[in-house]
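Have a look at the structure below before the remarks.
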Amino acid sequence: MPQNGYQQGFTANPRAIAYQKRLYPWAIAKLMPSMQRAIVGRFRSRSDADGHLLCLRQLMPQATLVIVFDLQPDLEVPIAAPTAIR
C-alpha cells in the first residue's frame, strides 16, 4: 500500500518541500498542555484524515486528537530576488 508522500520526506529542494506541504492540508493534531499541538499526520482529503483519526483514537484513547485544516503559508520558502543582467 502506498504511504503518505508527505511523510516520506523530500530533501532535494526546499521549494519542493513547501509545495509538498500544500498538497496535504488536512492534518491530525495531538493537543498538548500549554496550548501546543503536535501534528501526527497529514492527508490530502478530509475523509482520509477521518479514517486515520478513528484508528488513532482506538490505539490512543487517552490522547486528545483533532482534525485541522492547516496550510501554514508562513512555512513557504521565500523566492530570491532576481539579479541584474549585464
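Numbering starts at 1 and runs along the sequence shown.
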For this session: Apply side chain to side chain contact (heavy atoms under 4.5 Å, CB included) to Arg37 and Leu65, showing your working.
Result: CA-CA 9 Å; Arg37 67 180 185 179; Leu65 301 167; over 6 Å; no
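- Residue pairs meeting the side-chain hydrogen bond (donor to acceptor under 3.5 Å, both in side chains) criterion with at least one member in residues 50-62, sequence neighbours excluded: Arg46-Asp50.
- Atom CZ in Phe43 sits 12.5 Å away from atom CH2 in Trp26 (nearest 0.5 Å).
- Here NZ of Lys30 is found 10.5 Å from CG of Leu56. Values are rounded to the nearest 0.5 Å.
- Shown here are the side chain to side chain donor-acceptor pair (under 3.5 Å) partners of Ser45, two or more places apart in sequence or in another chain: Ser47, Asp48.
- Ala49 approaches Ile28 most closely through the heavy-atom pair O-CD1, 3.5 Å.
- Between Arg44 and Pro25, the closest heavy-atom pair is O-CD, 4.2 Å.
- Cluster partners of Val68 are Leu31, Val66, counting Ile, Leu, Val, Met, Phe, Trp and Tyr whose side-chain heavy atoms approach within less than 4.5 Å, directly or via other members.
- One hydrophobic cluster, built from ILVMFWY side chains closer than 4.5 Å, holds both Leu53 and Leu59.
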